[in-house]
Protein chains: 2
Amino acid sequence: MPDEALRPRKSPQQARSVATIEVILQAATRVLTEESLSGFNTNRIAQVAGVSVGSVYQYFPNKAALVTTLIERTQTSLADAVDLCVARSQGKSLAAVLLELANIAITHQFGNPVFAAALDHEERRLPLGDVLNHAQERLITSIQLLLTEHRQDIGAPLPAAAAVDCLVIVKALVESEASRVVPDLDGLRERVVRALHGYLRQPGSKDSSESAPDTLS
Amino acid sequence: MPDEALRPRKSPQQARSVATIEVILQAATRVLTEESLSGFNTNRIAQVAGVSVGSVYQYFPNKAALVTTLIERTQTSLADAVDLCVARSQGKSLAAVLLELANIAITHQFGNPVFAAALDHEERRLPLGDVLNHAQERLITSIQLLLTEHRQDIGAPLPAAAAVDCLVIVKALVESEASRVVPDLDGLRERVVRALHGYLRQPGSKDSSESAPDTLS
DNA sequence: AAAGTATGCGAGCCTTCGCTCATATTCGCT
DNA sequence: AGCGAATATGAGCGAAGGCTCGCATACTTT
């Protein structure tokens with residue numbers, strides 16, 4: 001259940017208003033893609049969408065809610081891809097799955113780099129309590145599942161913490177490469193796998209004798 | 001040589017103006033620490049400093065210049081610490097040095113978490129071309145030196161890329177933990193070392209036969 | 001058709017905030 | 001003391017931009 005301040009002001013009941021909402025969200029995406037955060041204001045979004053500002057505020061209580069919807073959508077599509085990848089990973093080697101995950105992350109970021117970077121920025125700025133956390137939890141759960149399946153190859157003691165760390169590491173490496181002038185995607189892919197594989201395979205430094213498989217927060 | 005738009009408007013010539021500049025910077029730090037980015041505007045900074053806005057703009061051409069000075073200072077102190085650590089690392093094991101570096105990063109971030117997080121945010125937002133890059137280059141150079149010294153323990157082929165990746169990974173893990181409600185610094189330290197050590201020790205996937213020691217951008 | 005509801009409109013209100021400038025004060029120097 | 005330079009002041013300008021509200025239009029229902 002989303003934050004009170006982010007809940008839609010009213011729900012669309014006719015087909016045209018559903019279309020309007022879609023147009024607004026696509027316009028927001030376009031603005032973010034073409035002008036990054038500099039021209040990203042509600043008036044501009046409305047202008048690009050070909051609707052009035054009033055219409056924007058008919059369904060989004062504020063700008064943050066609009067951005068949150070955008071974030072939610074991209075995060076969900078990412079989580080879907082990861083879910084699918086992990087679900088199909090039976091029998092594959094850990095290294096192979098990590099490579100696939102790296103590819104998903106890279107595609108996600110480099111498919112629309114400016115948009116992705118801008119959203120990352122907003123993600124940090126906004127206090128999206130539950131919303132982001134939901135997609136984030138899905139990601140963590142998927143990775144945790146993967147780690148548990150391959151626990152014999154893994155030195156990291158706590159799957160929960162390791163899953164979070166893996167996500168953090170991938171995100172950081174990918175974003176770092178995205179900020180480069182001439183990104184080297186092949187090199188990046190290789191380095192992401194190296195980082196993940198290295199982190200996971202590294203033998204436990206403490207009580208690796210004790211196994212704590214299901215440590216969900 | 002700093003960006004034109006960031007150069008000080010005039011240099012202080014009397015003792016009192018030097019003090020004023022210091023008071024302003026300390027006030028900015030306090031505002032950032034106590035109110036994060038929400039109250040971080042030039043009027044507030046001046047108020048907290050006990051000077052007028054005019055005085056702020058006497059020595060800083062704009063707000064970005066002020067923030068940049070703040071960033072420069074903290075980055076420099078971090079680079080100093082890393083430099084020193086690497087310089088004293090002769091004879092120590094790679095793992096030992098990585099642990100020290102992890103501690104430096106953790107101390108740097110958790111000494112004043114709100115301030116550090118806020119500065120991180122500004123760092124990404126501002127176009128600080130040369131300024132940040134200088135301290136950043138120092139960090140990269142130091143780490144590169146360390147990696148080259150321990151190249152027999154390291155599988156990563158390119159010291160330059162590996163150094164950047166190490167910095168990115170550490171920063172991401174530390175910031176991630178900093179955003180937690182109850183940070184676990186001991187666990188973090190351990191995981192940072194695991195990530196670095198894992199990334200570095202992992203054998204090269206491609207032509208690890210070819211050694212490219214000095215690959216500076 | 002008429003009434004009722006949903007959707008769309010956009011000028012402009014209002015707040016925030018970076019920054020200026022005319023004026024006042026203090027300092028260094030002879 | 002007196003003069004010029006350096007420093008400090010703070011009311012307020014102006015731009016940016018989130019958001020409202022009264023009204024117009026379109027659709028649905030009876």
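These numbers were taken from a predicted model, which means no experiment stands behind them. Here is the naming used below: chain letters follow the sequence lines, and residue numbers restart at 1 for every chain.
Taking 3.5 Å as the limit, the base of D:dC19 and the side chain of A:N43 contain a donor-acceptor pair of atoms between them.
Here the side chains of B:L66 and B:V56 are in contact, with some heavy-atom distance below 4.5 Å.
Using a 4.0 Å cutoff on non-hydrogen atoms, the parts of residues 44-55 of chain A near DNA chain C are A:V51, A:S52, A:V53, A:G54, A:S55, ordered by number.
With hydrogens and angles ignored, the 3.5 Å screen pairs a side-chain donor or acceptor of A:T29 with a backbone N or O of A:L25. A distance-only check finds a donor-acceptor pair linking the side chain of B:T76 to the backbone of B:E72 [under 3.5 Å]. Proximity of a side-chain donor or acceptor of A:E177 to a complementary backbone N or O of A:D184 within less than 3.5 Å is detected. With hydrogens and angles ignored, the 3.5 Å screen pairs a side-chain donor or acceptor of B:R194 with a backbone N or O of A:Q202.
Atoms CG (B:L66) and P (C:dC19) sit 10 Å apart, rounded to a whole Å. Straight-line distance from the OH atom of A:Y57 to the P atom of C:dC14: 17 Å, rounded to whole Å. What separates CG of B:N41 from C1' of C:dT15 is a distance of 12 Å, to the nearest Å. Between the NZ atom of A:K63 and the C1' atom of D:dG18 there is a distance of 8 Å, rounded to whole Å. Taking atom CZ of residue B:F40 and atom P of nucleotide C:dC19, one finds them 12 Å apart after rounding to whole Å.
Sparse packing is recorded around CZ of B:R30, with 12 or fewer heavy atoms of other residues, nucleotides or ligands lying under 6.0 Å away. Within a 6.0 Å radius of CZ in B:R88, no more than 12 heavy atoms belonging to other residues, nucleotides or ligands are found.
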Open item on the list: As a quick check of understanding, evaluate side chain to side chain contact (heavy atoms under 4.5 Å, CB included) for A:F60 and A:T42, giving each step before the final call.
Closed with: CA-CA 11 Å; A:F60 300 99; A:T42 53; over 6 Å; no
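Contact between the side-chain N/O atoms of A:T42 and the OP1/OP2 oxygens of D:dG18 is found at a separation under 4.0 Å.
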Could you write out each protein N or O paired with an N or O of nucleotides 3-7 of chain C at a distance under 3.5 Å?
| unit_1 | atom_1 | unit_2 | atom_2 | d |
| --- | --- | --- | --- | --- |
| C:dT7 | OP1 | A:Q13 | N | 2.6 |
| C:dT7 | OP1 | A:Q14 | N | 3.0 |
| C:dT7 | OP1 | A:S17 | OG | 2.8 |
| C:dT7 | O5' | A:Y59 | OH | 3.2 |
| C:dT7 | O4' | A:R16 | NH2 | 3.2 |

